[in-house]
Amino acid sequence: MKKMISFILLLTFLAASPVQMAAADESSREEPKVLILYHAEEQTQKEEVPILDMLVGHFSSDITIQSIEDAAAEYVKGDYTHVIYFGLGKRQLTEEELFVVDQYDDVKKMFIGNYFEYFKEAPDLRINDYRTIDGVIGDGKVFDLKEEKDMLLIDGIEQMEVLYEGQASDGSYPLVFKNDNLYYVAANSITGRLSDIIGESLFDFFNEEKSQPKKLIRLEDIHPKSDPVLVKQIGDYLAERNIPYAVTVIPVYTNPETGQQIYLSQAIELVEVLKEMQNNGASIIQHGYLHQYREDETGEGFEYWDVENDRPIYQSKEDEVKLREDFASDEEYQDFIQNVGLPYEQTHIYDSVVNGVYEMTAEGLYPIAFEAPHYSMSQTGYKELAKYFTTYVGQIQISDRTYDGTFSPLYVSTPAGLRGMKVIPETLGYVNPKKSRSIDRMIHKADYVSQFSDSYLAFFYHPYLGIDKFDELMTKLEKYDQYEWVDLKEMDHKTEVDGMVVETGEDDINVSRPMSVLVEQTTRDLWWVSLPLVIFVIIAITAVARKFRRRKTDSEFWEKQ
């Protein structure tokens, strides 16, 4: 009998072992360690590198980015699992630069753009010609690029597996193809919708499973002058349908004509509405502090970018603007930026973040992420912002050359350029009251985005537009009912400012404050208790004083007798 029991236990163990081993393998799987080596000679070419960074950031947060020149000059072979060469420049690579990539012969590699045929893994590949394409075919789908893009025609790929083909006027040609652990992209630019194709091919490159799209709503530009009735209507609409959503809050409204500022603490009815929304599942996002820099109205102006001069916030708006032409040389101008401009920008961002977090938390509103007004912020700004937030929502400005260039991948990403912050994308835009077919365009964009793995059908809506427009949008979005709505609180986020910590965990928000802040905010919250107490103390002291004077008067009277 004992032998029979032992035999049954053995069979049970053997049957369970593959499952247990598979689960163990999955849990112990290490995050990919990625090296991106780029060759770019022009500033506009270098601005494509952050795009690739954000695409790769969906699959790994351990990303190193180097120019091929720097990597060759200071060559040290790292323990990377994936290497990507991104060739944008026109100059042919040197032997030292080719050597840097060739030494990684035991890892997965992807070659994008110019001169990949010179690497030792591609001895039989040759660029034969070029084509202009306006569409891509792959994975059983057809993708409209909405613009013409150039691609390379490569000879010697007959034995390779083609993942995507570019559509030209005279036929289709291999665009993304692979040979075992070597991947090739026959394009020397990844801007526009072509970036989405590259992003989709990375699932194969990183051997990652694909998931269906998700949906995300963001209610935008809520400030102390917002109509609480209209805000509540949208909140109630979503609560009744059990739909999670995010709300971006601007803590202070500034009247551009008078300069008068209105704080959240003065918008009592609105704050009650926002707290009710938060209690019903809404996720609060800090949307700057003033949403303005110069004299624009709150919600319209920029806050972290000097849009009039198209540069970062290097000076107070009251100061006389100093531009390159005000200096005798580039060296003097760069000295001004390093010693005056950057320190001012850092302080400007710090003050707005701290003031915003404290203003909101004092009213019981807890921001778990950040969004820059108009998605505009310098690369230094993102570095500063990453000290306080682990999550950014929206699109990312990819260059300090101009604010007019933002990007977000179709999925969540943790790119190296955001210093540890993950970006929750916005992909569909918003309802623009100035455009009659705005909602239809959003739905058309959703049709496109929903073709991609792990994508977000993410958009924002201004409550001042009213409930009818919102209902029209939500009704048309019912065609995507098979996709789940994203609840940001179910993800990990952390906001930390001067000891004040707001973080999510298990679909809940946890808040901790230093004692000085706790006392200050508690006193502020309980003013209605303290006021009667102060009045009581004053009355008591007055009564005691009167009694004392009466006794003293009586004593003097008897002494005179």
Applying ring-ring contact (aromatic ring centres under 6.0 Å, His included), run through His374 and Tyr304 and close with a yes or a no. CA-CA 9 Å; His374 299 298; Tyr304 305 108; over 10 Å; no
Decide side chain to side chain donor-acceptor pair (under 3.5 Å) for Thr248 and Glu220; before the verdict, give the C-alpha distance in whole Å, the side-chain angles of both, and the deciding distance to 0.1 Å. CA-CA 5 Å; Thr248 68; Glu220 192 83 343; 3.1 Å; yes
Is there a side chain to side chain donor-acceptor pair (under 3.5 Å) between Ser189 and Glu48 once you walk through the steps? CA-CA 8 Å; Ser189 173; Glu48 294 197 34; 3.0 Å; yes
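Contact record, Leu37 with Ser67: CD2-O, 4.5 Å, taken as the closest heavy-atom pair. Residues Leu488 and Ser283 share a closest heavy-atom pair of CB-OG, 3.6 Å. The minimum heavy-atom distance linking Met360 with Ile285 is given by the pair CE-O, 4.4 Å.
Remark: aromatic rings of Phe177 and Tyr164 are distant, center separation not under 6.0 Å. Between Phe327 and Phe336, the gap from one ring centroid to the other is short of 6.0 Å.
Both the sub-6.0 Å distance and the 45° axial angle are satisfied by Lys33 relative to the ring of Tyr80. Cation-pi geometry between Arg419 and Tyr382 is not satisfied (NZ or CZ under 6.0 Å from the ring centre, within 45° of the ring normal). Note that Lys77 lies in the cation-pi zone of Tyr104, set by a 6.0 Å cut-off to the ring centre and a 45° limit from the axis.
Sparse packing is recorded around CD of Glu74, with 12 or fewer heavy atoms of other residues, nucleotides or ligands lying under 6.0 Å away. Other residues, nucleotides and ligands contribute over 12 non-hydrogen atoms within 6.0 Å of the OH atom of Tyr333. More than 12 non-hydrogen atoms from other residues, nucleotides or ligands lie less than 6.0 angstrom from CD of Glu147. Heavy atoms of other residues, nucleotides or ligands lying less than 6.0 angstrom from NZ of Lys214 number more than 12. Environment of CD in Glu484: sparse, with no more than 12 heavy atoms of neighbouring residues, nucleotides or ligands closer than 6.0 Å.
Salt-bridge annotation for Arg324 and Asp330: present, with a side-chain N of the basic residue lying under 4.0 Å from a carboxylate O of the acidic one.
Side chains of Asp221 and Ile250 form a contact here, defined as non-hydrogen atoms less than 4.5 Å apart.
Checking Lys90, Met151, Lys149 one by one against Asn188, the side chain to side chain contact (heavy atoms under 4.5 Å, CB included) holds for a single residue, Lys90.
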